[in-house]
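Just below is one structure, and these are the notes that go with it.
As a basis for the values below, the full set of heavy atoms in this structure was taken, side chains included, without hydrogen atoms, waters or symmetry mates.
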Amino acid sequence: MGFKKLPLSFYLRGDVVQISKDLLGKVLVTAWNDEKTSGRIVETEAYAGEIDKASHASKGKTARTTVIFGSGGAAYVYLCYGIHQMFNIVTSKEGTAHAILIRAVEPIEGVDIMLQRTGKKVLDHSLTRGPGNVGKVFGFHTSQCGLSLVSDELFIADDGFKIKEQNIGSSPRIGVDYAGDDALLPYRFYVKGNPFVSGKIKK
DNA sequence: GAGTAGATCCTCT
DNA sequence: GAGGATCTACTCA
């Protein structure tokens with residue numbers, strides 16, 4: 001069973017929707033301060049640059065969104081509602097503001113660390129369900145915005161796990177009603193039947 | 001079980 | 001000075 005870090009070229013491709021689907025089943029790993037945590041990605045959302053009204057990049061290049069406009073393979077961490085650290089993956093080449101939000105993962109390693117970070121006692125599907133929780137269990141912080149995804153502290157790996165095409169579901173994105181027509185785009189992808197996917201319990 | 005409000009702080013107007 | 005790519009807990013039925 002191979003376990004290899006995804007190369008920078010994976011993130012530099014121009015089709016953000018395709019990359020979002022490719023990320024399903026991959027393993028997200030963080031290892032800062034000797035605290036290694038990893039989890040399988042089971043839900044993603046694509047944000048297709050400046051033309052996508054749901055993306056922060058649609059408001060133009062600002063101090064906050066500079067990372068999204070940069071080259072792929074970087075982390076974009078954003079604080080939402082003053083509470084939640086949201087982890088995004090920047091894709092495509094420099095000048096194209098593509099990003100992918102990691103909405104849910106399935107814990108693999110470092111569950112005890114995740115529990116400690118969230119203050120929870122036991123592992124259940126609420127631990128890593130939803131983007132706010134993903135940011136929390138992996139210890140992301142806005143200060144980590146711009147970090148490389150091909151470093152030793154932060155990377156995504158392929159361990160040979162494959163999601164069958166028929167097990168990939170898609171739907172409109174969540175929580176972006178303000179984006180008008182773009183809120184209807186089927187840019188959310190998830191693993192069907194996985195208990196860590198956040199969709200079913202949302203309205 | 002479903003619906004609603006509050007938390008909480010950085011960013012842009 | 002307002003609002004946001006959210007989550008949780010609490011109320012009411």
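- When atom types are taken as modelled, the side chain of A/Asn33 and the backbone of A/Glu35 share no donor-acceptor pair closer than 3.5 angstrom.
- Remark: the A/Thr96 side chain and the A/His98 side chain contain no N/O donor-acceptor pair separated by less than 3.5 Å.
- In the region residues 61-79 of chain A, proximity to DNA chain C at under 4.0 angstrom, judged on heavy atoms, holds for A/Tyr76, A/Tyr78.
- When rounded to the nearest whole Å, the span between NZ of A/Lys120 and P of C/dA9 equals 7 Å.
- Distance CD (A/Glu50) to P (C/dA5): 17 Å, rounded to an integer number of Å.
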When you compare the protein's N or O atoms with those of nucleotides 5-8 of chain B, which come within less than 3.5 Å of each other, and at what distance?
residue, atom, partner, partner atom, Å
B/dT8, O2, A/Tyr81, O, 2.5

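- In terms of the ring pair (Phe, Tyr, Trp, His ring centres under 6.0 Å) criterion, residue partners of A/Phe87 (sequence neighbours excluded) are, by chain and number, A/Phe140.
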Toss me the dot-bracket line for DNA chain C: Watson-Crick and G-U wobble, both under 3.5 Å, 5' to 3', using | for pairs to another strand and [ ] for crossers. ||||.|||||||.
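- At the heavy-atom level, A/Asn133 lies under 4.0 Å from the strands shown only through sugar-phosphate atoms.
- Between the P atom of C/dA5 and the CZ atom of A/Arg129 lies a distance of 21 Å, rounded to the nearest Å.
- Note: the hydrophobic cluster containing A/Phe161 also contains A/Leu24 (ILVMFWY, side chain heavy atoms under 4.5 Å, direct or indirect links).
- Rounded to an integer number of Å, the gap from A/His56 NE2 to B/dC10 C1' is 11 Å.
- Residues meeting the side-chain contact (heavy atoms from CB on, under 4.5 Å) test with A/Gln18, sequence neighbours left out: A/Arg13, A/Asp15, A/Lys21, A/Asp22.
- Remark: A/Leu79 engages A/Gln85, A/Thr142 in a side-chain contact (heavy atoms from CB on, under 4.5 Å) (not counting sequence neighbours).
- A/Thr37 is linked by a side-chain contact (heavy atoms from CB on, under 4.5 Å) to A/Thr30, A/Ile113, A/Met114, A/Arg117, A/Phe138, counting only residues two or more places apart in sequence or in another chain.
- Atom-to-atom, CD1 of A/Ile174 to P of C/dC7 comes out at 9 Å; the value is rounded to the nearest Å.
- The environment of CD in A/Gln116 is sparse: at most 12 heavy-atom neighbours from other residues, nucleotides or ligands sit within 6.0 Å.
- Shown for residues 14-28 of chain A: no residue has heavy atoms falling under 4.0 angstrom of DNA chain B.
- The shortest distance between side-chain heavy atoms of A/Thr65 and A/Tyr78 does not fall below 4.5 Å.
- Rounded to an integer number of Å, the gap from CD of A/Glu45 to C1' of C/dT6 is 12 Å.
- Taking A/Lys5 as the reference, A/Asp152 meet the salt bridge (Lys or Arg N to Asp or Glu O under 4.0 Å) condition, with sequence neighbours excluded.
- Residue-level contact check: A/Lys136 touches neither bases nor backbone, having no heavy atom under 4.0 Å from any strand.
- A/Lys59 places its NZ atom 8 Å from the P atom of C/dG4, with the value rounded to the nearest Å.
- Remark: the separation of the P atoms in B/dA5 and C/dG3 is 16 Å, to the nearest Å.
- Under the salt bridge (Lys or Arg N to Asp or Glu O under 4.0 Å) criterion, A/Lys120 pairs with no residue at all, not counting sequence neighbours.
- For the salt bridge (Lys or Arg N to Asp or Glu O under 4.0 Å) test, no residue two or more places apart in sequence or in another chain qualifies with A/Lys93.
- Here A/Asp158 pairs with nothing under the salt bridge (Lys or Arg N to Asp or Glu O under 4.0 Å) rule; sequence neighbours left out.
- Computed from coordinates, the A/Gln85 CD to B/dC9 C1' distance equals 10 Å when rounded to whole Å.
- For the pair A/Tyr190 and A/Val42, the minimum side-chain heavy-atom distance is 4.5 Å or more.
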